[in-house]
Engineer: 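Here it is, the structure, as structure tokens.
In what follows, chains are A, B, ... by sequence order, proteins preceding strands, each numbered from 1. Because the structure is a prediction, the values reported are computed rather than measured.
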Amino acid sequence: MSKSVKFDEIKKKFLDMEFSNLNFPQRDAVFHVDGNLLVLAGAGSGKTTVIINRIYNMIVYGNLYNSEDVDCDAKSCKLLSEGLKNGKKLSEFSDIVKLHPISPENILAITFTNKASKEIKDRLNKRLGDVSNKIWASTFHSMCSKILRNYAELVGYTNDFTIYDSDDQKRLIKECEKILNIEEKVFPVKSCISAISSAKDEFMSAFDFKVKHENNFRMSKIADIYALYEEKMKKSDAMDFDDLIFNTVKIFRENKKILNLYKKKFKYIMVDEYQDTSKSQHELIKLLSGSKGNLCVVGDDDQSIYKFRGANVENILDFDKYFKDVKVVRLEQNYRSTKNILDAANSVIQNNSARKSKKLWTESAAGDKIHLHVAYSEHDEAGVISSEILKRVEEGRKYSDFAILYRAGSQSGVIEKFLVKNNIPYRMVGNVRFFDRKEVKDLIAYLSVINNPRDEVRLKRVINRPNRSIGERTMQSISKTAEKTGKTFYEIIQSASNYPDLQRASAKVLSFSSIIDPLIEENNNGMKLSDLYKSLIDISGYVEFIRSSEDNFNERMENIKELGNFIAKFEEEKRENASLSSFLEEISLISDSSVSNEDEEKGFVTLMTVHASKGLEFPVIFLPGFEEGVFPGQQCLYDENEIEEERRLAYVAITRAKEELFILNATSRMTFGSTSHNKPSRFISEIPEKLITVTKSREWKKIPVGQRIPESSQDIKVKSVVSARSFGMGGINPLVSRKKSDKVYVLGDIVDHAIFGHGVVTSIFDIGNESLLEINFDKSGKKRIPSSRL
DNA sequence: TGAGCATAGTTTTTT
DNA sequence: ACTATGCTCA
């Protein structure tokens, strides 16, 4: 049979038809299956759609579109032509056309968050059914942890190692500093962690680190901490998040056989959000894929906003340096925002130098101009946001259409206050995560100790909660004895009465092991996880402990129950595989911001940091605090690289908006207890003027008491708006002032002023914490005076 | 060992 | 301004 051009044509037509909901570049990416591929996916360009369709295409057709070795005879071709006309899919002709399906087991799809990986799994499951479950869709960390569960022994751990989160890590570093007599003030835990973390990112062991920084006092001290930290981690059979990557790479480098096993398995690799990968993650991918593999990375260098935690933009910028024969696809058509919003985003990001050239375009209409509002304070800013939301809700928008995105978490407080006042329902994303709550962590620590009694950090966390009168002293002598005898911390506790040093404390200490031991026993005997949890709560006395020692008892109790629910849910899903260790494994990598994320749909305005908003979209976006010193932040102002990162952040913020975008700044703002007057953010001036309408709050504050307020503002373009104060404040009559403390003024009140004397209140304005009263004084006429000054 | 005061530090955050 | 954390004293 000779190669027929006709068939090639038909085949392409079929596939183009089946994927006709994708634009050309998107289809390019989907059909390019073999070889390396870099997809530069601009904001809102349908990135996830491409990923899903690409995997679907791989599993159903494989590299069919671009393959040249498929053929069929004339008769079959005719059949196909008819099928094409009747709108059939090529997969329905698998008897006459040899498809090139790729086994799902050979596909690895890596994402950054569990949320993203769940989304991919769900969407693939919808399209492909259970076949999709054979795809490895996971995060870097869960993939590594899965691998390490087989080979951790090669790097000095058991395969049941515990995973330490950043809180555990912090505790351990603190302990190390104490032991080494290093002052926390001079070596802040945070900076030690980040130094160690970046050392691991570059595969530097504590020893290498020490050698490299031999002549640097500071760094060599950190090397000592690093060394001790590592020693203790191994003793506790625990790895931190960086270790998961580090050790996997180590094993792959040192054991070609194991590496080849996985190379063979993962013939096709996809990595999402590649701009966020760190050096070590990049290395891991290089090892798995080799330079000539079938690697597809998707990302957007303009949305790289995680440098501070190790993301390395060069990974994507220099992708074609590291991998051979790279095909580059640019997804530049934006399906999310109006043209004005997109133009604004484009013109801001254009000011960055280190980027792949890329320009988003859209077929959408221009839409509203971008609203720029100049407020006079952060309170006013929050008030304006509230009133704009209320106005639009009256016009028919849902609360869930709005999101307020801020640079720093500290900005949320004032905004929340105003939303509450105005009865606007809101939800905050990424606040205190469920698994970060104290009581949840405590109970998980208990479970961890039951699972792995060598886990010292978590043991120490709970040994004295509830109070067993085990203090610093006792702990130290246990540590010493452990060191002397070569036994583990927990073993010493179990046999405390055997050691003279521990005679006095032995009863207290044994009261702890008498709780843990039977639970270990029961767990080994195969007790159900949920029952284990129940008996833990029963015999640990934990509930009584928080009832007497902590506030918000009810809320904490709720969380304890919620953890119980979570365990029950886990059991239901995993059935016979619901072991304690598998549970701990799962939650150590899932720290989802909320357990119940089902309240998403309606009814809530969303508040979050710009970072947290990446990947999301909303019809109306508010961006408060566009000021020099806030956004871009203070510490970025004098470093061009940092500014570029901030600009990318601004780009992310702007591109979240679908229809309306509000940028706000305040001419004065309280920061760290004192008032600052920030200039408008440079990012505002980077947006072409013609795309913006400016509104401005009237500036009561700047006008000296007793002077007239200009009726119209100086700038013709600037129209004066009435801000929050004229809107209902949570049912309180807006014309009644709400003072922080004592007196509440109403219209017509008679006042006595120390200087101006007798007068009548003629107007009241809310200015955040207090009210501004307009008073007609008998002798000196109308003046505006803050209520606190009366 | 716990309660109460002083002090310092306040960007972003997933795993 | 506010809060979390450390240190002192009982």
Engineer: Considering heavy-atom distances to DNA chain B, does A:T609 or A:I470 have its closest nucleotide positioned more toward the 5' end?
Structural biologist: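 Nearer the 5' end of the strand: A:I470.
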
Engineer: Does A:E183 pair with A:K178 as a salt bridge, N-O distance under 4.0 Å?
Structural biologist: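 Looking at A:E183 and A:K178, the cut-off is not met.
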
Engineer: Of all residues at least two apart in sequence or in a different chain, which pass the side chain to side chain donor-acceptor pair (under 3.5 Å) check with A:S278?
Structural biologist: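 For A:S278 the side chain to side chain donor-acceptor pair (under 3.5 Å) partners, ignoring immediate neighbours, are A:D201, A:S280, A:Q281.
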
Engineer: Each nucleotide N or O in nucleotides 2-10 of chain C that has a protein N or O under 3.5 Å away: list the pair and distance.
Structural biologist:
unit_1, atom_1, unit_2, atom_2, d
C:dG6, OP1, A:K174, NZ, 3.1

Engineer: Nearest whole Å is fine: how far is B:dT13 C1' from A:Q169 CD?
Structural biologist: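 In whole Å, B:dT13 C1' and A:Q169 CD are 13 Å from each other.
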
Engineer: Any Lys/Arg nitrogen of A:E378 or A:R669 sitting under 4.0 Å from an Asp/Glu carboxylate oxygen of the other?
Structural biologist: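 No, no charged N to carboxylate O under 4.0 Å.
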
Engineer: Salt-bridge test for A:K146 and A:E585: reply yes if a basic N is under 4.0 Å from a carboxylate O, no otherwise.
Structural biologist: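 Salt bridge: no.
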
Engineer: Output the rounded distance in Å from CG (A:D242) to C1' (B:dT14).
Structural biologist: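 Taking CG of A:D242 and C1' of B:dT14, I get 11 Å after rounding.
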
Engineer: Using a heavy-atom cut-off of under 4.0 Å over every strand shown, decide if A:S674 touches base, sugar-phosphate, or nothing.
Structural biologist: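 Touches nothing.
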
Engineer: Got a sec, which residues hit side chain to side chain donor-acceptor pair (under 3.5 Å) with A:S236, two or more places apart in sequence or on another chain?
Structural biologist: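 Side chain to side chain donor-acceptor pair (under 3.5 Å) list for A:S236, sorted by chain: empty.
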
Engineer: Name the closest nucleotide to the A:H611 side chain, picking from B:dT11, B:dT15, B:dT13.
Structural biologist: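 Looking only at side-chain atoms, A:H611 lies closest to B:dT13.
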
Engineer: Toward the 5' end of DNA chain B, which comes first, A:K190 or A:A612, by nearest nucleotide?
Structural biologist: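 The residue mapped nearer the 5' terminus is A:K190.
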
Engineer: Could you check which residues of residues 300-311 of chain A get a heavy atom under 4.0 Å from DNA chain B? Sort them by number, please.
Structural biologist: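 A:Y306, A:F308, A:R309 - these, ordered by number, are the residues of the stretch whose heavy atoms sit under 4.0 Å from the strand.
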
Engineer: Scan A:G409 against the nucleic acid and name what it touches under 4.0 Å (heavy atoms): base, sugar-phosphate only, or nothing.
Structural biologist: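 Touches sugar-phosphate only.
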
Engineer: Using whole Å, what does the distance between atom P of nucleotide B:dT11 and atom NZ of A:K614 come to?
Structural biologist: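 Rounded to the whole Å, the gap is 22 Å.
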
Engineer: What is the separation between atom CG on A:D167 and atom P on B:dT13, rounded to the nearest whole Å?
Structural biologist: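 Whole-Å distance recorded here is 17 Å.
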
Engineer: Would you please name every residue forming a side-chain contact (heavy atoms from CB on, under 4.5 Å) with A:S191, sequence neighbours left out?
Structural biologist: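 With sequence neighbours excluded, A:S191 shows a side-chain contact (heavy atoms from CB on, under 4.5 Å) to A:P188, A:R218, given in chain and number order.
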
Engineer: Return all side-chain donor-acceptor pairs below 3.5 angstrom for residues 301-313 of chain A, not counting sequence neighbours, or 'none' if the list is empty.
Structural biologist:
unit_1, atom_1, unit_2, atom_2, d
A:D301, OD2, A:K356, N, 2.8
A:D302, OD1, A:R355, NE, 2.8
A:D302, OD2, A:R355, NE, 3.3
A:D302, OD2, A:R355, NH2, 2.7
A:D302, OD2, A:K358, NZ, 3.1
A:Q303, OE1, A:R656, NH2, 3.4
A:Q303, NE2, A:D300, OD2, 2.8
A:Y306, OH, A:H611, O, 3.3

Engineer: Examine B:dG2: is either OP1 or OP2 under 4.0 Å from a nitrogen or oxygen in the side chain of A:N467? Give yes or no.
Structural biologist: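 For B:dG2, OP1/OP2 do have a side-chain N/O of A:N467 under 4.0 Å.
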
Engineer: Please list residues of residues 271-285 of chain A whose heavy atoms come under 4.0 Å from any atom in DNA chain B, ordered by number; otherwise none.
Structural biologist: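 Heavy-atom cutoff 4.0 Å gives no residues at all.
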
Engineer: Mind checking ring-ring contact (aromatic ring centres under 6.0 Å, His included) for A:F622 and listing every partner two or more places apart, or none if nothing turns up?
Structural biologist: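 Result, ring-ring contact (aromatic ring centres under 6.0 Å, His included) vs A:F622: A:F662.
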
Engineer: Whole Å only: how far is the CD1 atom of A:I245 from the C1' atom of B:dT14?
Structural biologist: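 Value for this atom pair: 11 Å.
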
Engineer: So, A:K279 and A:E202, do they make that salt bridge, N to O below 4.0 Å?
Structural biologist: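 Salt bridge between A:K279 and A:E202, a charged N being under 4.0 Å from a carboxylate O: yes.
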
Engineer: With sequence neighbours left out, write down each residue that passes side-chain contact (heavy atoms from CB on, under 4.5 Å) with A:T48, or none if nothing qualifies.
Structural biologist: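 A:I52, A:E119, A:R123.
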
Engineer: Return the value, rounded to whole Å, for the distance between atom CD1 of A:I643 and atom P of B:dT11.
Structural biologist: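 Atom-to-atom, A:I643 to B:dT11, this comes out as 16 Å.
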
Engineer: What residues form a side chain to side chain donor-acceptor pair (under 3.5 Å) with A:K574, not counting sequence neighbours?
Structural biologist: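 For A:K574 the side chain to side chain donor-acceptor pair (under 3.5 Å) partners, ignoring immediate neighbours, are A:E586.
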
Engineer: Strictly below 4.0 Å, N to O, side chains only: are A:K460 and A:E456 in salt-bridge contact?
Structural biologist: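 A salt bridge is present here (some side-chain N lies under 4.0 Å from a carboxylate O).
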
Engineer: What integer distance in Å separates A:D165:CG from B:dT15:C1'?
Structural biologist: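 Atom CG in A:D165 sits about 10 Å away from atom C1' in B:dT15.
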
Engineer: Which nucleotide sits closest to the side chain of A:L589: B:dT12, B:dT15, B:dT1?
Structural biologist: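 The answer is B:dT15, which lies nearest to the side chain.
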
Engineer: Could you tell me how far B:dT12 sits from C:dT5 if I compare only their C1' atoms? Round to whole Å.
Structural biologist: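 Rounded to whole Å, the distance is 22 Å.
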
Engineer: In terms of side-chain geometry, is the basic nitrogen of A:K190 or A:E184 positioned less than 4.0 Å from the acidic oxygen of its partner?
Structural biologist: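 No salt bridge links A:K190 with A:E184.
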
Engineer: Which ones in residues 626-636 of chain A lie close to DNA chain B, meaning a heavy atom under 4.0 Å from one of its atoms?
Structural biologist: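 Residues of residues 626-636 of chain A under 4.0 Å from DNA chain B: A:Q635, A:C636.
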
Engineer: So, are A:R461 and A:D442 salt-bridged, with charged N and O less than 4.0 Å apart?
Structural biologist: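 Yes, charged N to carboxylate O under 4.0 Å.
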
Engineer: Partners of A:R547 by side chain to side chain donor-acceptor pair (under 3.5 Å), sequence neighbours excluded?
Structural biologist: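 If we apply the side chain to side chain donor-acceptor pair (under 3.5 Å) test to A:R547, skipping adjacent residues, the hits are A:E544.
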
Engineer: Using atom CG of A:D201 as one end and atom P of B:dT15 as the other, report the distance to the nearest whole Å.
Structural biologist: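 These atoms are roughly 17 Å apart.
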
